[in-house]
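Below, each value reflects all heavy atoms present in this structure, side chains not excepted, and no hydrogens, waters or symmetry copies. Proteins get letters first, then strands, A, B, ... in listed order; numbering begins at 1 in each.
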Amino acid sequence: MSDILEQLNNKQREAVEALTGPVMVIAGAGSGKTRVLTYRVAHLLNQGVDPFNILALTFTNKASREMKERIIRLVGNADAKNVWMGTFHSVFARVLRSEAYRLGFPSHFSIYDTDDTKRLIKTIIKDIDLDDKIYSSGYIANRISGAKANLITAEAYNSSDEILTHDKLAGKPFIGEIYKQYKARCFRASAMDFDDLLLNTFILLESFPDVLLKYQMKFNFILVDEYQDTNHAQYMILKKLAARDENICVVGDDAQSIYGFRGANIQNILNFKRDYPDALEFKLEQNYRSTQTIVNAANTVIIKNKDQIYKEIWTENEEGNLIELLKAQSDNEEGTLVANSIFGIKMNEHVRNDAFAVLYRTNAQSRSIEEALRRLNIPYRIYGGLSFYNRKEIKDLLAYFRLSINHNDEEALKRIINYPARGIGKTSQESIIVAADQADKPMWEVIDNPGQHNLGLNSGTRSKLTAFVTMIKSFSAQVRTKNAFELAKLIAHSSGIMKDLNEDKTPEGISRYENIEELLNAIKEFSDKPKEVLPGEETKMQADGTSIPTLDEFMQDVALLTDADVQDKDGGDKVSLMTIHAAKGLEFPYVFIVGLEENLFPSIQSLGSRADLEEERRLFYVALTRAQKKVTISYAQNRYRWGNLTLCEPSRFIDEIDRRFVAFPSRPGDKKLPFGLQFPSGQSQPFKKNLKKVNNLSTASSGDNSLNAGATADQIIPGIEVEHARFGKGKVISVEGSGQSRKASVFFRNVGQKQLLLQYARLKIVE
DNA sequence: GTGTGATATCTTTTT
DNA sequence: GATATCACAC
């Protein structure tokens, strides 16, 4: 057993053997980071540490599951299954379930997902009569989420001058008020959102010393994966938990920090040594994954970032292929080139489909790739995008489950009170909500005791309400006693969902019906499986061993699952399509990185600040270093974005790879004409379509022609060359709006793309 | 109260 | 181009 250490290199072995005290492992891409973590856990177990005293935190369920499997292979099942292992969110959700009563929450609190959060914020904005143009739910949700990630409670938010001033300057002085109400509403609904799982855990540890001590004694050894992606809340929770023993080992790579947008704080890794002055630090710099070409190419990219811990990643692997660059006319052609290339490699090298991954910046890019792969009959699987648990029909059924478990869950209640249609329409719902707000009670209280609140509903609606309440109550009565699958099936049928979906014979309707069946299958699997196999369930020791797997147990994990956790049905040999974010931690022999265009990758939102641009560069670094044998990058010169054809310029990241490592396309010179000088003036198919559309628009709005010295508004059409007094010559990409707000996107050779109001721009047409 | 068509916004990335 | 919300007709 102890010879497991011999499977490690010296650095890895040192990192594994330093079992006590604070340890930081800076692990370059492909350097065996996960290996160190798993061996460390195995080593702890071999040294006689009780598995119940080990806490191993990861960022995804998948990573956690894989780590568990590896540990099982090293030390056997009996020990490994009792290690506390999971994502931050799932582990602390579990802690909260047993301690939440101290914060006034029931243990069966609901977990609101992003969707629920946004809906609730929207209703609040409406309730307090704010303009939803100024207060967009997405922006507010981000603001609140950001605050929570930094442990700023609603009270703290509303008493911070700095924050309030910031919001005032942004023209949104009522965000604090929305936050306050949002918090109150969540509490009333016995619900926590994702960020609450961390914030409330922190509050719990902060306010209850006995709880803190309990978990400090429980978690003697703490291991954290992907430490570079922790936010402030996670950092503070760790700090508290580790304060007693300081047996904390964090593993990460600052160069792979790509979650800054959701509050990840790269300083956490940079400051570890400040917090723990006697921390041991290990750097893993040997890459075992990729060829020399890939490692070196990635190094030449990442070195352009200013914020980083210096390290030198190297490899003993073979030199390997150059990075191939594909250039396409359009996004569709890009898909075809990628699919053809995959097909070619498969033929020549005889490799399986699952040796390939296509990585992109945004989910929307998957479509053209999918279509091309389908044409060549290459099977693929998409990760992310509209995830299974985000589909409407799934959320509807889950809402029934949620409401049956937690009557106060208002987002669930609102979702299903009239789905399937049962005659409780908008007006009735409005009056229920008004009554609930007046009494400051959950909506359920009101519909459960309609007599005590003057609802003013007619008797027909009342009896419909009673029927609904009775139905939910009958489900509730069985939540803890009935087998999860049996109850789920019962709810699906008696709620009327099955009937409703079954009547819809369109392809979409059939697929919705099948999705419900799939969810029921998943629940069946949950019911049949012995408990310890389920992530998050392993420490739940049932004394009698005869317990029935119940629906509320199933629901505890479901909110924290993502698409990546849904097992592929045929589990087969498929090409993987996913965003680069989703690809972190994975590796593939052949990697295609598509859409390397300015404004897409790097994203247009990142161009404003160095920090954001550096995050995009790290993202590119992550993408490159997923590959074992070969990287192919591609870009398109034209791409449909939000339904319009747009001209694209190759990404700066292409040029940032040292030329020694790149095989450029055979036609030299092509690439150096980025703004489509070879663009046939309006001849290409999609472009023509676009031209026509805009033309219609311009004739419809020919009224306002206040252009003085320049051309008239309807002379400015996509495709023509224009000249601007200050910006020089450029090409019109698209035109939109009418009258005074009519504006054009123009690509200028010297200054890039600009949006111009035609009323002021005074463009001259270049003949 | 319900269903249908029009329209606005969306595209960054996720637990 | 796709989806979610909204106005309007039944």
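Comparing dT5(C) with dT12(B), their C1' atoms are spaced 23 Å from each other, to the whole Å. The same atom, P, is picked in dT13(B) and in dA4(C); the two are 15 Å apart, to the nearest Å.
Rounding to whole angstrom units, NZ of residue Lys148(A) and P of dT14(B) are separated by 21 Å. Taking atom NZ on Lys426(A) and atom P on dT2(B), their separation rounds to 11 Å, with Å as the unit. Taking atom NZ on Lys62(A) and atom P on dT15(B), their separation rounds to 11 Å, with Å as the unit. Counting to the nearest Å, the P atom of dA4(C) and the CZ atom of Arg391(A) are 13 Å from each other. Atom pair Phe88(A):CZ and dT14(B):P shows a separation of 18 Å (rounding to whole Å applied). Rounded to a whole Å, the CG atom of Leu645(A) is 12 Å from the P atom of dG1(C). dG1(C) atom C1' lies 17 Å from atom CG of Asn638(A), rounded to whole Å. Rounded to whole Å, the distance from CD1 on Ile580(A) to C1' on dT14(B) is 15 Å.
Salt bridge status for Arg618(A) with Asp254(A): absent, with no side-chain N to carboxylate O gap under 4.0 Å. In this structure, Asp253(A) does not pair ionically with Lys33(A), as no charged nitrogen and carboxylate oxygen lie closer than 4.0 Å. With respect to Glu614(A) and Arg610(A), a salt bridge is recorded, a charged nitrogen being found less than 4.0 Å from a carboxylate O.
Of the N and O atoms on the side chains of Ser634(A) and Glu334(A), at least one donor lies less than 3.5 Å from an acceptor on the other residue. A side-chain donor from one of Tyr182(A) and Thr117(A) sits under 3.5 Å from a side-chain acceptor of the other.
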Item to complete: Apply side-chain hydrogen bond (donor to acceptor under 3.5 Å, both in side chains) to Asp195(A) and Ser145(A), showing your working.
Response: CA-CA 6 Å; Asp195(A) 302 301; Ser145(A) 169; 3.0 Å; yes

Worksheet item: Given Watson-Crick or G-U pairs with both distances under 3.5 Å, what dot-bracket string fits DNA chain B, with | for other-strand pairs and [ ] for crossing?
Response: ||||||||||.....

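Within the 6.0 Å centre-distance limit, the rings of Phe261(A) and His581(A) are counted as a close aromatic pair.
Counting any heavy atom pair closer than 4.0 Å across all strands shown, Phe59(A) reaches sugar-phosphate atoms only and no base atom. Contacts of Gly423(A) with the nucleic acid, taken as non-hydrogen atoms under 4.0 Å apart, involve only primed sugar atoms and P, OP1 or OP2.
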Item to complete: Using a 4.0 Å cut-off on protein heavy atoms (strictly under), produce a 5'-to-3' string for nucleotides 6-13 of chain B with B for base contact, S for backbone-only sugar-phosphate contact, and - for none.
Response: ---SBSBB

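How far CG of Leu619(A) is from CD1 of Ile580(A): 4.5 Å, rounded to the nearest 0.5 Å.
Judged as a salt bridge (Lys or Arg N to Asp or Glu O under 4.0 Å), and not counting sequence neighbours, the contacts of Lys499(A) are Glu503(A).
For dT2(B), one of the phosphate oxygens OP1 or OP2 lies less than 4.0 angstrom from a side-chain nitrogen or oxygen of Asn418(A).
Mapping Arg367(A) and Lys126(A) onto DNA chain C via the closest heavy atom, the residue that lands nearer the 5' end is Arg367(A). Toward the 5′ end of DNA chain B lies the nearest nucleotide of Thr461(A), the other residue of the pair Thr461(A) and Thr87(A) mapping further downstream.
The aromatic rings of Phe653(A) and Phe620(A) lie parallel to each other, with less than 30° between the two planes, well short of the 60° mark.
Considering only the side chain of Thr60(A), dT15(B) comes nearest among dT5(C), dT2(B), dT15(B).
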